[in-house]
Amino acid sequence: MSAVARLFTPGSRAALTRLGCLAVVLTTVGLLPWLSGRDPALTVLRARSAEQEGTPEALAAIRRDLGLDAGPLSLLGDWLSGLPRGDFGTSWVSGTDVLPSVVSGLQVSLALMGAALGVAVLVTCALVAPVLVRGRGSAGAFAAMLAALPEFLLATVALLAFGVWLGWLPTSGWQGPQYMVLPALALGIPAGGLLGRLVADALPAVLDERWVELWRGAGVSRARVSAAALRRVLPPLVPQFAMVTVGLTGGAVAVETVFAVPGIGRTALGAAKSQDLPLLQGSVLALLALGLVTGAAAAVVRRRLLGPALRDAGLTLPAARPVRAHPAVPAALAVVLLTCVGWGLLRDPYTVDTTARLRAPSWANPLGTDGLGRDVLARLGHGAASTVGTAVAVCLVSLLLALALGFLPSLSAGASDIANALPPVIVGILVAAAAGPGTGGAALAVALISWPPLAAHAAALVQEVRASTFLLAQRAIGASPSWILTRHVLPSVAAPVTRHALLRLPGIALALASLGFLGLGAQPPAPEWGLLLDESRAYVERAPWAALAPAVALALLAGLAVSSASYAQGGAGSGGTRSGRSGSAGAGSAPTARVIRRALPLPALRPRKEPVR
């Protein structure tokens with residue numbers, strides 16, 4: 001193979017995309033002090049000593065010391081030239097080497113990630129076990145509500161309940177295993193809700209396949225059948241597990257802040273606020289390296305699970321059959337949510353009454369009042385448009401981008417690894433530096449990093465659909481590429497990815513809320529749900545209703561999105577079945593069946609004849 005041919009292989013394109021995205025991110029981070037419009041010398045001076053005045057002489061001395069007069073590109077080049085030697089530079093604020101600080105923060109975050117991932121796996125098992133026992137799924141509204149729980153609110157409640165009231169666990173710091181219990185619970189429960197929903201959503205179609213019936217008839221144990229079913233649904237979900245793992249490491253900034261955990265995310269946030277450029281660059285590089293390594297490991301695991309069937313175009317895919325909730329479930333959730341929003345829109349969200357601050361719910365104030373005496377119901381209703389509307393717009397953009405990039409896996413894989421490794425807070429800081437804090441900047445920041453899980457899901461499904469035996473038969477009978485794309489590939493990919501996007505809608509709303517929580521999104525006195533959570537966190541012990549209102553609203557939004565998704569995509573799901581996705585479970589010749597048995601622990605399947613359409 002020539003050098004030019006090797007350059008255009010899928011692996012080479014993915015590697016080039018990773019390098020290009022890595023260069024763009026590091027360059028953007030290096031320009032942060034100049035993008036923000038603030039004098040980096042003054043910011044560093046205040047970070048070093050808040051009492052020292054920013055005289056021209058003091059600022060000039062800092063510029064000479066840091067080499068700021070040489071410009072951002074010169075500073076970036078000097079920093080990059082030291083990386084091959086393991087030199088991450090010297091902190092502008094503390095004057096110490098950056099590498100030990102980055103390594104220490106990364107070790108803490110990895111330990112916390114491991115504990116949180118353990119909690120997430122336990123929650124996932126609890127959500128998946130009923131599906132394996134009953135052999136049928138549910139609409140997943142409860143799992144979606146778990147995934148929509150605000151991590152920083154969970155952290156605050158856990159701190160108060162188990163740390164302050166009961167005194168069972170420490171409330172801050174990092175000095176032993178007991179210090180990671182509460183942060184791990186706050187991070188692991190929502191992650192487990194997301195992963196459990198994805199696995200439980202894919203299991204019912206697998207459990208309806210012919211091989212399950214044959215195994216059970218042959219007396220195979222329930223445990224072995226369940227293990228084979230799980231292995232059957234895992235390949236397209238492995239990238240999601242990898243992305244959740246990376247998100248638990250770098251995206252835990254709010255939880256690390258609540259519990260004063262010295263993790264890599266909190267280190268990067270502090271460096272960004274103080275414009276400590278070498279420390280910020282080192283922290284971001286460590287997070288990006290973690291994302292790349294995790295993404296590569298997920299690709300290897302997925303190939304091992306699929307085996308030779310992927311190479312030999314011998315995959316058989318389970319039918320896309322969404323499980324519908326009882327119509328009363330989405331209807332009841334919609335009525336409750338719309339009633340609260342509509343009732344709140346009739347009230348004034350800005351009136352301040354300090355004599356009525358922190359009042360309990362009553363007929364005059366059905367959801368109580370906040371710390372300034374403002375009506376919580378009114379602020380909840382008026383904030384729904386900006387919070388939910390912005391989240392829906394970001395979710396739609398992410399879905400369309402993911403479906404497009406799903407057909408370019410070699411390009412999207414590298415970019416998604418980089419984008420997924422960036423914490424939303426860091427992207428929010430970069431966007432806010434260029435465009436200023438606000439709803440638009442927060443939406444752009446979340447949109448830049450919310451598409452990778454959907455793109456990874458779409459790419460995995462596209463790859464498996466293209467390698468399926470049914471499409472091999474379609475090509476053999478002369479079906480055109482456009483026919484295959486519009487009648488088979490898109491229906492088989494769009495429906496599950498759309499459902500996945502709806503599941504992530506509350507998470508996108510939470511990401512917007514977390515940026516508002518950190519002052520990078522909507523600004524006071526806007527009644528945005530993230531601001532409501534931030535403003536109520538300080539007095540959640542005295543007036544929990546002010547924090548519970550937006551949290552419950554997010555949970556209701558999650559349950560409504562997921563329980564109504566199966567109805568919204570009913571046509572797509574049936575279309576995918578008619579186009580052959582369910583039929584492909586039994587299609588194929590005897591050699592194909594042998595390939596399947598080498599790839600997955602499935603028995604020989606008896607072919608079912610279906611009419612060619």
Side-chain angles (χ1 to χ4, degrees), residues 108-132 137-138 140-155 157-158 162 169 177 179-203 226 230-231 233-256 258-259 261 263-265 287 290-291 293-295 297-298 301-302 420-421 423-424 450 452-454 456-457 500 503-504 506-508 510-511 514 551 554-555 558 562:
V108 170
S109 291
L110 289 175
L112 179 57
M113 177 269 290
L117 194 60
V119 174
V121 170
L122 292 177
V123 174
T124 301
C125 292
L127 295 173
V128 171
V131 179
L132 293 173
S138 64
F142 177 70
M145 290 181 180
L146 285 182
L149 290 175
E151 294 170 347
F152 48 85
L153 181 62
L154 270 178
V157 172
F162 299 102
L169 295 166
Y179 285 81
M180 71 173 65
V181 175
L182 295 181
L185 288 174
L187 290 170
I189 291 175
L194 174 62
L195 295 177
R197 183 68 209 109
L198 291 175
V199 176
D201 188 42
L203 272 177
S226 299
L230 287 173
R231 186 177 178 183
V233 303
L234 278 182
L237 301 181
V238 167
Q240 306 304 317
F241 279 80
M243 290 185 172
V244 168
T245 300
V246 176
L248 290 175
T249 305
V253 179
V255 174
E256 291 178 357
V258 171
F259 290 103
V261 175
I264 190 68
L287 289 171
L290 176 66
V293 171
T294 307
V301 171
R302 182 169 172 270
N420 183 68
S450 60
L454 301 177
H457 195 181
H500 185 182
L503 177 60
R504 288 193 176 269
I508 291 175
L510 276 178
S514 66
L554 286 168
V562 174

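What you see is a predicted model; the values in this text were computed from it and never measured.
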Nearest-0.5 Å distance, [atom1] of residue [X] to [atom2] of residue [Y]:
X	Y	atom1	atom2	answer
L203	L230	CG	CG	5.5 Å
L194	I189	CG	CD1	14.0 Å
L187	M113	CG	CE	11.5 Å
S109	L290	OG	CG	9.0 Å
L117	T245	CG	OG1	4.5 Å

Please identify each residue that fulfils side chain to side chain contact (heavy atoms under 4.5 Å, CB included) with A120, with sequence neighbours left out.
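A120 satisfies side chain to side chain contact (heavy atoms under 4.5 Å, CB included) with A191 only.
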
Looking at residues at least two apart in the chain, or sitting in another chain, which of them share a side chain to side chain contact (heavy atoms under 4.5 Å, CB included) with V293?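 Counting only residues at least two positions away or on another chain, V293 forms no side chain to side chain contact (heavy atoms under 4.5 Å, CB included).
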
Quick one: closest heavy-atom pair of [X] and [Y], and the distance?
X	Y	result
P130	A126	CD-O, 3.1 Å
V131	A200	CG2-CB, 3.9 Å
A298	V238	O-CG1, 3.4 Å
A115	M180	CB-SD, 3.5 Å

side-chain hydrogen bond (donor to acceptor under 3.5 Å, both in side chains) against S450, all qualifying residues, sequence neighbours excluded
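S450: side-chain hydrogen bond (donor to acceptor under 3.5 Å, both in side chains) contacts with S398.
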
Counting only N and O atoms by type, is there a donor-acceptor contact under 3.5 Å from the side chain of S226 to the main-chain atoms of L132?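 Such a contact is absent between S226 side chain and L132 backbone.
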
Practice problem: Give the C-alpha distance, both sets of side-chain angles, the deciding distance and a yes or no for side chain to side chain contact (heavy atoms under 4.5 Å, CB included) between V261 and Y179. | Solution: CA-CA 9 Å; V261 175; Y179 285 81; over 6 Å; no

Knowing that exactly one of V121, V123, T124, L237 qualifies, which makes a side chain to side chain contact (heavy atoms under 4.5 Å, CB included) with L195?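 Among the candidates, only T124 passes.
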
